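What you see is a predicted model; the values in this text were computed from it and never measured.
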Amino acid sequence: DKLTSLGIEYTGLFKDQNDRNNVKIITEGNLKIGILSYTYGSNYWTEEQMVEQSYVPIIVEKESVNFEKVKKDVLNDFQNLRKENPDVIIVLPHYGTQFSHYKDSFQETWNEIFLNAGADIILGDHSHSVQPIEIKKNVDGDEAVIVNCPGNFVNSYREFDGDATAIVELYLDKYI
């Protein structure tokens, strides 16, 4: 409510299911940018608690009993967003093994789901370490950029080899 009253856009945390169902579209010039956000979990919350609530979109391990339900929710989010005909879909997943410079199977699973649902850009975070940047095809045959994790811009994880950062700059143009 406070962010809304200040005119600040937000994603990743919602007031309720209705708020989550309102697709996030940001218009910049003539470009419509759709944004989806997900997290693998949250401190002090169990997976079951995260799955039961509606205000923090979650992604889970492929082996989880909740995987099919969560995947269905994610695909529904994409379907709702694509109805608005965005020029670009950006996904912001909070995922990956901390302090690892390599993507893990969780990231690979969800990157493929996001690409197959129409993601154009995946900007991940969580590992606190620089991880690979990839270019792959999405379901529409377009090149999609995956930034698994750019590391930390500012951090205190020097003892875990987490003091590196990749700065990624992406140019979006509706007509290219």
Side-chain angles (χ1 to χ4, degrees), residues 3 9-17 19-24 33-82 89-136 138-139 144-157 159-166 168 170:
L3 293 174
E9 296 283 343
Y10 61 89
T11 186
L13 180 64
F14 301 97
K15 293 185 280 188
D16 53 34
Q17 188 64 46
D19 190 28
R20 179 178 174 179
N21 290 342
N22 290 326
V23 296
K24 180 65 67 185
I33 304 166
I35 300 177
L36 295 169
S37 302
Y38 300 96
T39 186
Y40 74 92
S42 183
N43 294 340
Y44 312 112
W45 285 63
T46 66
E47 180 180 303
E48 288 302 320
Q49 289 171 314
M50 296 285 292
V51 169
E52 289 174 13
Q53 54 70 41
S54 60
Y55 44 86
V56 181
I58 186 172
I59 50 179
V60 298
E61 293 282 351
K62 196 171 189 175
E63 298 76 25
S64 168
V65 297
N66 297 304
F67 180 77
E68 289 304 323
K69 179 202 180 309
V70 168
K71 180 179 174 183
K72 182 179 175 183
D73 289 344
V74 168
L75 295 176
N76 188 55
D77 291 342
F78 271 88
Q79 184 178 21
N80 288 338
L81 183 61
R82 287 179 69 115
I89 296 177
I90 299 175
V91 182
L92 307 171
H94 184 71
Y95 63 179
T97 303
Q98 284 192 333
F99 313 119
S100 172
H101 292 286
Y102 305 96
K103 65 183 177 176
D104 58 28
S105 62
F106 185 88
Q107 289 167 288
E108 288 178 4
T109 295
W110 284 102
N111 287 346
E112 285 303 312
I113 291 168
F114 297 148
L115 291 172
N116 289 332
D120 296 295
I121 299 171
I122 301 170
L123 297 175
D125 70 58
H126 180 258
S127 72
H128 306 287
S129 299
V130 176
Q131 292 186 335
I133 297 172
E134 305 170 274
I135 297 179
K136 292 188 173 184
N138 69 12
V139 70
V145 177
I146 303 170
V147 179
N148 288 286
C149 186
N152 291 339
F153 191 72
V154 175
N155 76 64
S156 59
Y157 292 118
E159 68 274 15
F160 297 108
D161 192 26
D163 58 347
T165 295
V168 179
L170 300 172

ring-ring contact (aromatic ring centres under 6.0 Å, His included) test vs His126 passes for just one of Tyr40, Trp110, Phe106, Tyr95, namely Tyr40
Taken to the nearest 0.5 Å, the spacing of Ile113 CD1 from Lys62 NZ works out to 7.5 Å
Note: Ser129 and Ser100 closest approach over all heavy atoms is CB-O, 3.4 Å
- Can you list the steps and then say if Thr97 with Gln107 is a side-chain contact (heavy atoms from CB on, under 4.5 Å)? CA-CA 9 Å; Thr97 303; Gln107 289 167 288; 5.6 Å; no
Closest heavy-atom pair, Thr39 versus Val56, reported as atoms and distance to 0.1 Å, is CG2-CG1, 3.6 Å
- Is there a side-chain contact between Asn111 and Val91 (heavy atoms, below 4.5 Å)? no
Could you tell me if the ring centre of His128 sits under 6.0 Å from that of Phe99?
-> yes
Within the structure provided, determine whether Asp73 and Pro57 are in side-chain contact (heavy-atom separation under 4.5 Å).
no
Is the shortest side-chain heavy-atom distance between Val145 and Val168 below 4.5 Å? no
Heavy-atom closest pair (Pro150 atom, Gly124 atom, distance to 0.1 Å) is CD-O, 3.3 Å
Q) Is there a donor-acceptor contact under 3.5 Å from the side chain of Lys103 to the main chain of Gln131? A) no
Result for side-chain contact (heavy atoms from CB on, under 4.5 Å) between Ile89 and one of Asn138, Ile121, Asp120, Ile35 points to Asp120
Is the closest side-chain heavy-atom distance between Glu48 and Asn66 below 4.5 Å? yes
OH (Tyr38) and OG1 (Thr11) are apart, to the nearest 0.5 Å, by 8.5 Å
All heavy atoms of Val139 vs all of Asn116, minimum pair found to be CB-O, 3.3 Å
Result for side chain to side chain donor-acceptor pair (under 3.5 Å) between Asp77 and one of Arg20, Lys72, Arg82 points to Arg20
Only one of Gln53, Gln49, Glu47 passes side-chain contact (heavy atoms from CB on, under 4.5 Å) with Val51, and that residue is Glu47
NZ (Lys71) and OG1 (Thr109) are apart, to the nearest 0.5 Å, by 9.5 Å
Original post:
If we only count heavy atoms from C-beta on, is the Leu115 to Ile146 side-chain gap below 4.5 Å?
Top reply: yes
Is there a side-chain contact (heavy atoms from CB on, under 4.5 Å) between Tyr10 and Asp19? Walk through the geometry before answering. CA-CA 11 Å; Tyr10 61 89; Asp19 190 28; 2.8 Å; yes
Does atom OH of Tyr102 have more than 12 heavy-atom neighbours from other groups under 6.0 Å away? no
Residues Pro93 and Ile122: closest non-hydrogen pair is CG-CG2, 3.7 Å
Can Phe14 and Asn21 be said to form a side-chain contact (heavy atoms from CB on, under 4.5 Å), step by step?
CA-CA 9 Å; Phe14 301 97; Asn21 290 342; over 6 Å; no
